[in-house]
> 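Structure in structure tokens, see below.
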Protein chains: 2
Amino acid sequence: MPTTLTPDQISTSLKALADPNRLRIFERLTQGDSCNCELRDELGLAPNLLSHHLNVLSKAGLIHSRRDRVDGRWIYYAIDGSKVSLLRDWLLHLLDVERVETRPVLCGPEGQLASITCQPEGV
Amino acid sequence: MPTTLTPDQISTSLKALADPNRLRIFERLTQGDSCNCELRDELGLAPNLLSHHLNVLSKAGLIHSRRDRVDGRWIYYAIDGSKVSLLRDWLLHLLDVERVETRPVLCGPEGQLASITCQPEGV
DNA sequence: ATCATAGTTCAATGATCATTGAATTATTTG
DNA sequence: CAAATAATTCAATGATCATTGAACTATGAT
């Protein structure tokens, strides 16, 4: 695969989304790009705290930023679709319950006993 | 909805999976139930450290445990399918890139300008 | 140049957390 | 009962991290 996720990237991404405030920020950004000051109004978080969390989300690759083309003081943050899709696909597989295997023989005594007790017929 | 996830449950679950060692444990358990000592051998982690991580995963509701029916000293850990499915569905929605909206008007000057410039025809 | 604004960076604080070794519990065996 | 085994709990340590206020940077307006 050309673009797969390393365990480190998975961990960083999940850690980024695991914080309640960052999750709120991320959810807000799925409803459209936004800037620091708008997030401050809507989420009630201090600008410097927002900068910190936005930076964590950026370093995880989940969002990216650009400056306003009219007034460069404003910076817009947006979901990074490709990175988020990669993470989504990976989690889709990890959390696929259908994929969870039922162990034929458990490691402990119960499993060992089963392997002796449950023989194929005629043995 | 009868069984939905609270922000707190989401955060706890993601935090549980965000740790590299816990992720390894979880991935191992998707391949079949296992006990502390087997995880110790396969993952190379101390028994008390495993107990700690297994406890975190349990409290997040991602796994559950039961004792060996033959020798009660052994405890098996297994993926909790229903809880994991709930989390999966929730993440499926959160990380659905198709759902991400393109903002009609940005909050900053660039957006305001666009709303003036891009009028419906004949205005 | 000066001021205002949007945002970031810095330093400090307290909380949370992963990891480790020692002590403890629960259960089975002799 | 005592000894052994699978696992947990406890206490301590160091690292990481969210949060806050203050200082700083970048950009635009007057």
Side-chain angles (χ1 to χ4, degrees), chain A residues 7-8 11-26 33-60 63-78 106-113, chain B residues 7-8 11-26 33-60 63-78 106-113:
Chain A
D8 206 63
S11 176
T12 305
S13 298
L14 291 178
K15 219 170 280 181
L17 291 174
D19 180 83
N21 277 335
R22 281 195 294 267
L23 191 56
R24 287 207 297 152
I25 294 171
F26 186 90
D33 304 0
S34 189
C35 61
N36 192 315
C37 67
E38 195 180 31
L39 292 169
R40 165 176 56 80
D41 292 340
E42 294 185 4
L43 304 180
L45 299 174
N48 54 350
L49 184 55
L50 277 168
S51 274
H52 165 66
H53 286 316
L54 288 166
N55 187 41
V56 173
L57 287 168
S58 289
K59 281 188 173 160
I63 66 175
H64 52 75
S65 63
R66 69 169 181 86
R67 286 194 180 269
D68 185 297
R69 282 187 286 265
V70 175
D71 186 335
R73 285 175 299 183
W74 300 61
I75 300 178
Y76 299 117
Y77 290 91
L106 288 165
C107 55
E110 183 183 320
Q112 302 309 321
L113 184 66
Chain B
D8 206 63
S11 175
T12 306
S13 298
L14 290 179
K15 218 170 281 181
L17 290 175
D19 180 82
N21 277 334
R22 281 196 293 268
L23 192 56
R24 287 207 297 153
I25 295 170
F26 186 89
D33 305 0
S34 189
C35 61
N36 192 316
C37 65
E38 194 180 32
L39 292 169
R40 164 176 56 80
D41 292 341
E42 293 186 5
L43 303 180
L45 299 174
N48 55 350
L49 183 55
L50 278 168
S51 274
H52 165 66
H53 286 315
L54 288 166
N55 186 41
V56 173
L57 288 168
S58 289
K59 281 188 172 159
I63 66 174
H64 52 74
S65 63
R66 69 170 181 86
R67 285 193 181 269
D68 186 295
R69 281 186 287 264
V70 175
D71 186 335
R73 285 173 300 184
W74 299 61
I75 300 178
Y76 299 117
Y77 290 91
L106 289 166
C107 55
E110 183 183 321
Q112 304 307 323
L113 184 67

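First the proteins, then the strands, lettered A, B, ... as listed; each starts at 1.
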> For the pair made of CD1 in I25(B) and P in dA18(C), what is the distance, rounded to whole Å?
11 Å

> What's the CZ-C1' distance between R22(A) and dA18(D), to the nearest Å?
8 Å

> Can you measure R24(B) atom CZ to dA18(C) atom C1' for me and round it to whole angstrom units?
14 Å

> Between R66(A) (CZ) and dA6(C) (P), how many Å, whole number?
17 Å

> Would you call E110(B) and R67(A) a salt bridge, using N to O less than 4.0 angstrom?
no

> By nearest heavy atom, map C37(B) and D68(A) onto DNA chain D; which one lands nearer the 5' end?
C37(B)

> Report yes or no: does S11(A) contribute a side-chain atom to a donor-acceptor pair with the main-chain N or O of P7(A) at less than 3.5 Å?
no

> NA contact type, D19(A), heavy-atom cut-off 4.0 Å: base, sugar-phosphate, or nothing?
sugar-phosphate

> Of the listed nucleotides (dT8(C), dT29(C), dG28(D)), which one gets closest to any side-chain atom of D71(A)?
dG28(D)

> Within the structure shown, what part of the strands sits under 4.0 Å from N21(A) by heavy-atom distance: base, sugar-phosphate, or nothing?
sugar-phosphate

> Would you say R67(B) reaches dA26(C)'s phosphate, i.e. side-chain N/O to OP1/OP2 under 4.0 Å?
no

> Tell me, with the steps shown, if R24(B) and L45(B) meet side-chain contact (heavy atoms from CB on, under 4.5 Å).
CA-CA 11 Å; R24(B) 287 207 297 153; L45(B) 299 174; 3.9 Å; yes

> Given side chains that start at C-beta, do those of R22(B) and L17(B) come closer than 4.5 Å, heavy atoms only?
no

> How many whole angstroms separate atom CD1 of I75(A) from atom C1' of dT8(C)?
8 Å

> For the pair made of CG in N36(B) and C1' in dT25(C), what is the distance, rounded to whole Å?
14 Å

> Give a yes or no on this: more than 12 heavy atoms of other residues, nucleotides or ligands lie within 6.0 Å of atom CG of D41(B).
yes

> Is it the case that Y77(A) and D33(A) place a side-chain donor and acceptor less than 3.5 Å from each other?
no

> Looking at DNA chain D, which of residues 38-57 of chain A put a heavy atom within less than 4.0 Å of it?
N48(A), L49(A), H52(A), H53(A)

> Quick one: which of N21(B), N55(B), I25(B) gives a side-chain contact (heavy atoms from CB on, under 4.5 Å) with L50(B)?
I25(B)

> Taking CZ from R69(B) and C1' from dT28(C), how many angstroms apart are they, rounded to a whole number?
18 Å

> Separation of K15(B) atom NZ from dC17(D) atom C1', in whole Å?
10 Å

